[in-house]
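Below is one structure, written out as structure tokens; the observations come after it.
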Number of protein chains: 2
Amino acid sequence: MIKKQLIMEKALELFAIQGIEATPIQQITDYCGISKGAFYLAFKSKDELIIALIDHFMIQIISDIDYTVKNTQNKQELLFSFFQTTFQSFHTHANFAKIFMKEQSHSFNKELINKMRHYDRLMDEIILSLIEQIYGDRVIDTKYDLIYTIKGLMNSYSAFFILNKGPIDIDLLSQSLAEKTNLIATNTTTPFISKEMMEIFKLSNNDENSKEQISEILLQKIEELDESTEKESLILLNQHVLETSLHPAIVQGLLKNIQNHPHCKGIAYILSNYFMQDGGINVSSCFS
Amino acid sequence: MIKKQLIMEKALELFAIQGIEATPIQQITDYCGISKGAFYLAFKSKDELIIALIDHFMIQIISDIDYTVKNTQNKQELLFSFFQTTFQSFHTHANFAKIFMKEQSHSFNKELINKMRHYDRLMDEIILSLIEQIYGDRVIDTKYDLIYTIKGLMNSYSAFFILNKGPIDIDLLSQSLAEKTNLIATNTTTPFISKEMMEIFKLSNNDENSKEQISEILLQKIEELDESTEKESLILLNQHVLETSLHPAIVQGLLKNIQNHPHCKGIAYILSNYFMQDGGINVSSCFS
DNA sequence: TATAATAATGACCAATGAGTCATTTGTCAA
DNA sequence: TTGACAAATGACTCATTGGTCATTATTATA
């Protein structure tokens with residue numbers, strides 16, 4: 001529908017200048033030269049418009065980057081190409097980038113936050129695949145940490161890139177970041193973020209951790225472990241997660257079994273939180 | 001005044017959970033157990049409260065970090081200490097950090113945005129001093145670029161650190177980031193952000209560029225240059241900036257003189273923008 | 001041209017929340 | 001006890017803005 005497109009384009013302009021919250025529907029429709037009612041013929045609500053914008057642009061940006069990562073043959077160039085595509089895409093969609101550079105999550109509704117999280121994870125996956133393609137086994141212990149390094153660099157330089165009004169040399173920027181990334185990828189000895197930490201982080205950001213998610217991580221961990229008390233404990237705990245069957249005291253004991261094993265600390269943390277359910281400290285419960 | 005403190009503490013809690021915009025004054029006063037009027041006895045407005053919060057915490061955080069940078073004798077350890085202090089400070093003021101992790105500038109008023117910019121610049125200066133202390137002349141060409149690298153890492157890992165609910169090993173994190181920073185500081189061959197770009201960026205973010213600011217940068221540049229047409233042109237332009245005296249055509253000519261000199265491109269850009277005043281494209285002028 | 005169907009309008013409604021101020025409550029010196 | 005002053009209250013105002021819907025304009029069809 002052409003009307004939707006018009007609204008999206010004009011709204012994007014206004015959002016980029018004033019921010020989303022500071023732009024009333026009335027102003028958007030005035031700027032479009034249509035009535036307020038017409039807006040609600042195209043979108044059910046303001047939120048729906050915002051979501052449409054996010055989807056529209058994120059899909060484009062992400063697929064641009066994904067295509068590059070999947071189709072660059074020369075692995076020497078891949079890092080450079082990745083950054084180049086990324087910044088080119090940001091440049092093409094500068095208004096959108098500008099909005100979501102500053103307007104992070106914050107007081108949006110749940111659906112919006114989930115949308116952003118969804119695309120953030122997609123980005124993580126693409127970056128991970130990039131790293132694995134280029135460095136393979138050499139970064140087994142550092143690859144999850146590397147994701148955050150790359151995202152940090154991207155963010156910092158994107159902000160500069162997007163908010164800067166002067167001319168920018170994308171190729172130089174990409175080359176510079178490729179060099180930095182490569183330096184860190186090939187020389188890091190003490191990574192900070194492990195696979196486990198990343199999982200804990202992802203889970204703890206989910207308001208609701210489903211049985212299935214927890215179980216999936218448990219099964220993965222079970223596979224990694226050799227036969228041992230820890231492995232047995234995990235298997236039992238997994239059964240308990242899927243279908244509550246054990247006495248709480250037994251669960252506590254099983255948790256104790258695993259929480260000192262160096263590779264199980266994260267899982268132990270996730271599980272103890274999960275079983276605690278609402279018994280733990282819940283900061284938001286202080287306010288009706 | 002004790003009432004102010006109470007309000008600030010309680011407001012911070014609510015802001016951290018719900019966001020600033022989503023927290024009405026009424027809720028703050030309810031939570032404090034005082035009346036709405038009492039709030040306005042302590043603060044002139046909601047914005048004044050927010051500014052008070054920013055000042056209170058930023059001054060603490062910044063001075064913590066600044067103290068470390070100024071007083072760590074062992075330059076080998078300085079990088080580690082810097083990150084350690086930073087994250088420790090974030091940890092101490094976790095609620096504040098949480099708010100300003102997500103709630104960046106956006107639809108705040110000008111005073112707020114300037115506040116944040118002010119502290120951002122202070123941070124830049126501290127980081128620059130840190131870099132200079134440790135690496136001295138070895139990073140002459142890369143130090144401004146390094147600032148953005150460090151800020152990028154700080155940001156990315158801070159977000160992880162602040163939003164993550166699991167236990168975090170600050171020392172490991174600091175060590176990891178110190179290693180990364182060191183790797184980049186000692187091996188970067190192609191920096192992206194030059195001193196000049198940084199200046200352009202800073203200026204272009206100022207809505208109003210004062211004569212004095214422009215002149216200061218000009219004088220600095222003039223000092224760096226050897227005797228040449230470029231230098232003479234800059235001297236004349238500087239006089240013109242301080243007190244309009246030249247014909248526009250002459251100014252244009254002087255600008256042409258410098259804009260091809262590799263070290264003057266940035267200055268040329270700043271100046272041409274400055275002289276253009278409101279004649280340029282001003283995106284916000286489209287809307288009444 | 002008449003009629004039905006669809007699109008578009010903008011006055012209106014309801015909710016929100018920042019900030020005000022007439023009134024009440026509390027304190028303390030005379 | 002009284003009266004003067006300060007502190008605190010919360011009902012109220014007022015501007016804003018998301019969303020609705022009866023009405024009007026436009027187009028397609030017979």
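Within every chain, numbering begins at 1; the chains are lettered A, B, ... in the order of the sequence lines, protein sequences first and strands thereafter.
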Is the B/Phe160 ring parallel, tilted or perpendicular to the A/Tyr148 ring (thresholds 30°, 60°)?
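If you compare the ring of B/Phe160 with that of A/Tyr148, the planes turn out perpendicular.
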
For the pair A/Phe90 and A/Phe87, name the ring-plane relationship: parallel under 30°, tilted 30 to 60°, perpendicular over 60°.
perpendicular

Does B/Lys36 make a side-chain N or O approach to OP1 or OP2 of C/dG17 shorter than 4.0 Å?
no

From C-beta outward on [X], which listed nucleotide comes closest to its side chain: [options]?
X       : options                : value
B/Ala38 : C/dT9, C/dG19, D/dA8   : D/dA8
B/Ile25 : C/dG19, C/dA18, D/dA7  : C/dA18
B/Ser45 : C/dG10, D/dT20, C/dG19 : C/dG19

Whole-Å gap separating [atom2] ([N]) and [atom1] ([X]):
X       : N      : atom1 : atom2 : result
B/Leu14 : C/dG17 : CG    : P     : 13 Å
B/Ile28 : C/dG19 : CD1   : C1'   : 13 Å
B/Lys44 : C/dT20 : NZ    : P     : 11 Å
A/Leu41 : D/dG18 : CG    : C1'   : 16 Å
A/Gln26 : D/dG19 : CD    : P     : 13 Å
A/Phe39 : D/dC21 : CZ    : C1'   : 17 Å
A/Gln27 : C/dG10 : CD    : P     : 17 Å
B/Glu48 : C/dA18 : CD    : P     : 15 Å

Which sits closer to the 5' end of DNA chain D, A/Pro24 or A/Gly37, going by the nucleotide each is nearest to?
A/Pro24

Is it true that A/Gln26 and A/Asp30 share a donor-acceptor pair across their side chains at a distance under 3.5 Å?
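A/Gln26 and A/Asp30 do have a side-chain donor-acceptor pair below 3.5 Å.
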
With no hydrogens and no angle check, do the side chains of A/Glu13 and A/Tyr31 hold a donor and an acceptor under 3.5 Å apart?
yes

Looking at the base of C/dG17, is there any donor atom on it, or on the side chain of B/Lys46, that sits under 3.5 Å from an acceptor on the other one?
no

So, A/Asp120 and A/Lys151, do they make that salt bridge, N to O below 4.0 Å?
yes

